[in-house]
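Please read all numbers here as calculations on a predicted model, not as lab measurements. Heads up: numbering here begins at 1 and tracks the sequence.
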Amino acid sequence: MWKQPLQVVKANVSSNPRTWIIIGLSVAGIVIVAETQRRRRRSRAQIILREPFLEPRFDLLPFPQPPPPAAAQPLASLTFAISDIFDVKGHVTGFGNPDWAGTHEAATKTALVVTALLKNGATCVGKTVMDELNFGITGENVHYGTPVNPQLQSHIPGGSSSGSAVAVAAGLVNFALGIDTTGCVRIPASFCGIIGFRPSHGAVSMIGVLPNSQSLETVGIFTRDLSILHHVGHVLLQLKSVETKRARRLIFADDLFQLSKVPTEKTVQVVTKAIKHLSGYQPPKHMNFSQYIASKVPGLKGFHEESIKHQNEIFTLKALSSVMLLLQRCEFKTNHEEWVKSAKPRLGPDASDRVRAAIDSTHENVKTLYKVRTEMRAALQSLLKDDGILVIPTVADPPLKLNTKKGQSSEFNDRTLALSSIASMSGCCQVTIPVGKHKESPISISFIAFHGVDKFLLDTVLDMYSSIQEKVSIASHSSPLPDTNDNLDASELLKEKGNAAFKGRQWNKAVKYYTEAIKLNMMSATYYCNRAAAYLELGCFQQAEEDCSKAISLDKKNVKAYMRRGTARESLLSYKDAAQDFKHALVLEPQNKVANLAEKRLRKLMS
């Protein structure tokens with residue numbers, strides 16, 4: 001029946017080549033449309049996967065409220081979310097991994113912290129995505145997707161409590177709970193531009209929370225509103241509403257701000273100006289925190305990397321973070337080795353590496369790890385007492401781009417964990433608050449108070465917060481004015497005075513003279529390079545790096561500038577950039593033995 005028409009079509013096609021072109025274009029169009037629809041469906045699927053909440057969603061309604069005229073509960077009308085590490089009766093606690101969920105029964109009770117919030121009027125609206133087994137600080141999860149950071153959608157949200165941070169930052173809930181072990185609340189709070197609170201270790205009940213490392217972890221809180229943090233903190237910490245007032249003593253860890261590439265005008269100076277006219281604050285003090293810890297925590301000496309002969313104090317905090325990770329591995333192994341070996345769970349690459357390292361760890365030096373933790377607690381008590389607050393950057397770098405390769409993220413991990421290890425290893429309480437942006441990335445600052453003085457810390461941050469935000473707004477709209485002068489003879493004289501002061505080991509005086517020379521002649525690479533040398537002696541590594549970069553922009557063949565910038569970057573744990581500087585120096589001076597040794601040392605560190 002169809003044979004004759006088909007023969008007619010074939011005859012027409014063979015006699016008219018244009019018909020083949022029309023048919024080809026039609027088929028190509030159909031293929032393109034189908035592929036476009038397939039990609040759109042795939043894109044929609046990815047967006048759904050990256051929503052911060054896990055399915056199925058649920059609501060836990062607050063307990064019955066007292067009838068009028070009784071006052072409303074403190075958290076009435078507030079909504080919150082919880083990481084998938086908190087037990088909820090009738091629901092399986094997934095721990096960020098489908099194989100964990102598939103091998104465990106539904107919880108028979110709800111975590112005490114969740115119950116406390118429900119009793120005080122809050123409504124729980126669901127569980128959120130987290131790093132697998134509470135390991136990791138990126139917030140990426142290969143099974144459930146990575147929640148989208150509302151501040152920087154192509155960058156990580158931070159973890160492990162990524163979903164809770166994103167739910168708050170996106171305005172989906174008033175506040176959220178996560179678990180902070182190695183910075184797992186403070187880091188995502190910083191990357192998502194919201195407030196994060198790590199209470200004192202042991203101050204909030206962990207009953208009904210899956211353990212990763214009991215010596216480090218505590219319940220943490222995310223919110224956008226500091227008054228909400230104050231209310232939630234009072235409920236969970238069971239704080240008294242009245243406390244004896246005492247003067248506040250802020251201590252800035254200048255060496256730690258050297259790790260950050262954010263100008264101090266946006267961090268240190270913002271806080272300094274904010275408290276200047278507030279009552280109840282002593283004049284702020286400045287210190288080299290790493291140097292203090294090196295002298296007060298002798299147990300860290302055995303954890304310094306032997307390959308680094310010219311270590312500075314910053315490496316003390318790297319050693320502290322190493323102890324923190326070793327302690328986490330030991331305790332995770334004790335908690336979950338049996339399950340890991342029997343269930344053989346499917347894990348993402350990062351989680352797999354961490355779990356394998358934990359299971360392969362030994363307990364030979366576990367007593368030393370706990371000794372370091374005890375020494376850290378004592379060191380912070382001696383420094384802060386009950387009226388001191390340590391001010392530090394929350395993180396050293398902006399959030400990584402999504403799916404960053406492992407080799408590129410190791411330096412990021414070192415610098416981030418060096419800062420987060422302070423509170424994790426001392427058990428102190430810490431609040432991180434947003435202070436605007438730098439180069440489109442959210443920036444934050446953290447306040448640490450001694451273990452057990454959580455109310456003092458929360459009250460102090462609440463007292464400062466509006467003034468800090470006012471100064472942030474001013475700083476974001478101001479820019480420094482450059483000085484210009486072409487008096488070259490005077491600038492050379494000042495440079496020589498700086499050189500003399502440097503030779504006399506008067507580093508601050510040398511910086512002063514070089515600075516005056518630069519004001520008179522801003523186009524001399526030598527002036528910047530010389531000042532960088534003085535900054536290195538003072539341990540001001542960020543300033544040294546900036547001066548060397550300026551010198552290199554003026555003179556591309558300035559070997560000393562490359563060498564000094566490499567030294568500054570290595571001291572800031574920026575190994576990759578430091579290695580590049582020493583390579584540049586070797587290109588310019590192939591026989592430079594110092595550059596050759598430094599490049600080899602850094603290559604070994606990065607491997």
- Message: Measuring from atom OG of Ser409 to atom CG of Asp414, what distance do you get when rounded to the nearest 0.5 angstrom?
- Response: 9.5 Å
- Query: Given the rule in the side chain to side chain contact (heavy atoms under 4.5 Å, CB included) test, do Cys184 and Thr181 qualify, once you have shown the distances and angles that lead to the verdict?
  - Reply: CA-CA 6 Å; Cys184 315; Thr181 308; 4.0 Å; yes
- Message: Pair Met464, Phe447 - check side chain to side chain contact (heavy atoms under 4.5 Å, CB included), show working.
- Response: CA-CA 11 Å; Met464 296 188 294; Phe447 303 92; 3.6 Å; yes
- Query: Between Val372, Leu317, Leu369, Leu380, which is the residue that forms a side chain to side chain contact (heavy atoms under 4.5 Å, CB included) with Met425?
  - Reply: Val372
Please output the side-chain donor-acceptor pairs of residues 293-302 that fall under 3.5 Å, not counting sequence neighbours, one pair per line with the distance.
| residue | atom | partner | partner atom | Å |
| --- | --- | --- | --- | --- |
| Ser295 | OG | Tyr292 | O | 2.8 |

- Item | Lys89 backbone acceptor or donor facing Thr110 side chain under 3.5 Å | yes
- Query: Do His451 side-chain atoms and His201 backbone N/O form a donor-acceptor pair below 3.5 Å?
  - Reply: yes
- Query: Which distance, rounded to the nearest 0.5 Å, do you find between the CG of Asp225 and the CD1 of Ile194?
  - Reply: 12.0 Å
- Message: Whether Arg373 engages the ring of Tyr370 as a cation-pi pair (distance to the six-membered ring centre under 6.0 angstrom, angle to the ring normal within 45°) should be assessed.
- Response: no
- Counting distance only, does the side-chain N/O of Asp255 pair as donor-acceptor with the main-chain N or O of Phe289 below 3.5 Å? yes
- Item | Minimum side-chain heavy-atom gap Leu457-Ile389 below 4.5 Å | yes
- Task: Indicate yes or no: at least one non-hydrogen side-chain atom of Phe450 is less than 4.5 angstrom from one of Arg377.
- Result: yes
- Item | Close side-chain approach of Phe252 and Lys285, heavy atoms under 4.5 Å | no
- Message: Just checking His155 against Phe191, ring centres under 6.0 Å apart?
- Response: no
- Item | Worked verdict on Leu326 versus Arg329 for side chain to side chain contact (heavy atoms under 4.5 Å, CB included) | CA-CA 5 Å; Leu326 289 171; Arg329 290 171 188 168; 3.8 Å; yes
- Task: Evaluate the ring planes of Phe80 and Phe175, with Trp represented by its six-membered ring, and classify them as parallel (under 30°), tilted (30 to 60°) or perpendicular (over 60°).
- Result: parallel
- Message: Let me confirm one number: the CZ-OG distance from Phe315 to Ser321, rounded to the nearest 0.5 Å.
- Response: 11.0 Å
- Message: Is it the case that the side chains of His143 and Asp99 hold a donor-acceptor pair, with the cut-off being a distance below 3.5 Å and no angle test?
- Response: no
- Query: Going by an N to O cut-off under 4.0 Å, is there a salt bridge joining Asp459 and Lys455?
  - Reply: yes
- Task: Answer yes or no: is there a donor N or O on one side and an acceptor on the other, between the side chain of His231 and the main chain of Leu226, under 3.5 Å?
- Result: no
- Plane angle bin for His104 and Trp100 - parallel if under 30°, tilted between 30 and 60°, otherwise perpendicular: parallel
- Task: Might you point out which heavy atoms bring Asn174 and Thr79 nearest each other, and give the distance in Å?
- Result: OD1-N, 2.8 Å
- Task: Verify, without hydrogens or angle tests, whether Thr404 (side chain) and Leu400 (backbone) share a donor-acceptor contact under 3.5 angstrom.
- Result: no
- Message: Measuring only between side-chain heavy atoms, which start at C-beta, is Pro442 closer than 4.5 Å to Pro434?
- Response: no
- Are there more than 12 heavy atoms of other residues, nucleotides or ligands under 6.0 Å from atom NZ of Lys119? no
- Message: Do Ser446 and Thr394 pair up side chain to side chain, a donor and an acceptor below 3.5 Å, judged on atom types alone?
- Response: yes
- Item | Student check: side-chain heavy atoms of Ile179 and Thr218 closer than 4.5 Å | no
- Query: Does a side-chain heavy-atom distance below 4.5 Å link Cys124 with Leu117?
  - Reply: no
- Between Trp339 and Leu133, is any pair of side-chain heavy atoms under 4.5 Å apart? yes
- Query: Measuring from Leu236:CG to Leu112:CG, what's the distance to the nearest 0.5 Å?
  - Reply: 11.0 Å
- Task: Any chance you could lay out the side chain to side chain donor-acceptor pair (under 3.5 Å) test for Glu331 and Ser215, step after step, and finish with the verdict?
- Result: CA-CA 8 Å; Glu331 295 189 338; Ser215 294; 2.5 Å; yes
- Message: For a quick test of reading the model, state the closest non-hydrogen atom pair linking Ala170 to Pro150 and the distance between them.
- Response: N-CG, 3.9 Å
- Query: Do the non-hydrogen side-chain atoms of Leu60 and Val88 ever get within less than 4.5 Å of each other?
  - Reply: yes
- Item | Any donor-acceptor pair under 3.5 Å from Arg198 side chain to Asp180 backbone | yes
- Item | Any donor-acceptor N/O pair, Glu217 side chain to Asn212 backbone, under 3.5 Å | yes
- Task: Keeping the roles fixed (side chain from Ser382, backbone from Ala378), state whether a donor-acceptor pair exists under 3.5 Å.
- Result: no
- Query: Could Arg354 and Glu132 be called an ion pair, given the rule that one side-chain N must be under 4.0 Å from one carboxylate O?
  - Reply: no
- Do you know the tightest heavy-atom contact between Val235 and Ala116? CG1-O, 4.0 Å
- Message: For the backbone of Arg186 and the side chain of Gln430, can you confirm whether one donor and one acceptor N or O come within less than 3.5 Å of each other?
- Response: no
- Task: Compute whether any side-chain donor of one residue and acceptor of the other, for Gln328 and Thr182, lie under 3.5 angstrom apart.
- Result: no
- Note on the structure: When rounded to the nearest 0.5 Å, the distance separating CD1 of Ile195 from CD1 of Ile433 is 7.5 Å
- Query: Distance-only, no hydrogens or angles: does the Asn288 side chain make a donor-acceptor pair with backbone N or O of Gln291 under 3.5 Å?
  - Reply: yes
- Query: Can the ring centres of His336 and Phe95 be said to be less than 6.0 Å apart?
  - Reply: yes
- Exceeds 12 heavy-atom contacts within 6.0 angstrom, atom CD of Glu55: yes
- Task: Can you measure from CZ (Arg415) to NZ (Lys318) and round to the nearest 0.5 angstrom?
- Result: 12.0 Å
- Query: Below 6.0 angstrom between ring centroids: does that apply to Phe197 and Phe222?
  - Reply: no
- Do Leu118 and Val114 pass the side chain to side chain contact (heavy atoms under 4.5 Å, CB included) test, and can you show the C-alpha distance, the side-chain angles, and the key distance before you say yes or no? CA-CA 6 Å; Leu118 299 175; Val114 177; 4.2 Å; yes
- Which of these, Asp84, Thr128, Ile85, sits in a side chain to side chain contact (heavy atoms under 4.5 Å, CB included) with Ser164? Thr128
- Message: I need the minimum non-hydrogen distance between Gly178 and Val185, along with the two atoms involved.
- Response: C-CG2, 3.9 Å
- Closest non-hydrogen atom pair, Met324 against Leu417: CE-CD2, 4.0 Å
- Determine the minimum heavy-atom distance between Gln258 and Leu572, stating which atoms define it. O-CD2, 2.8 Å
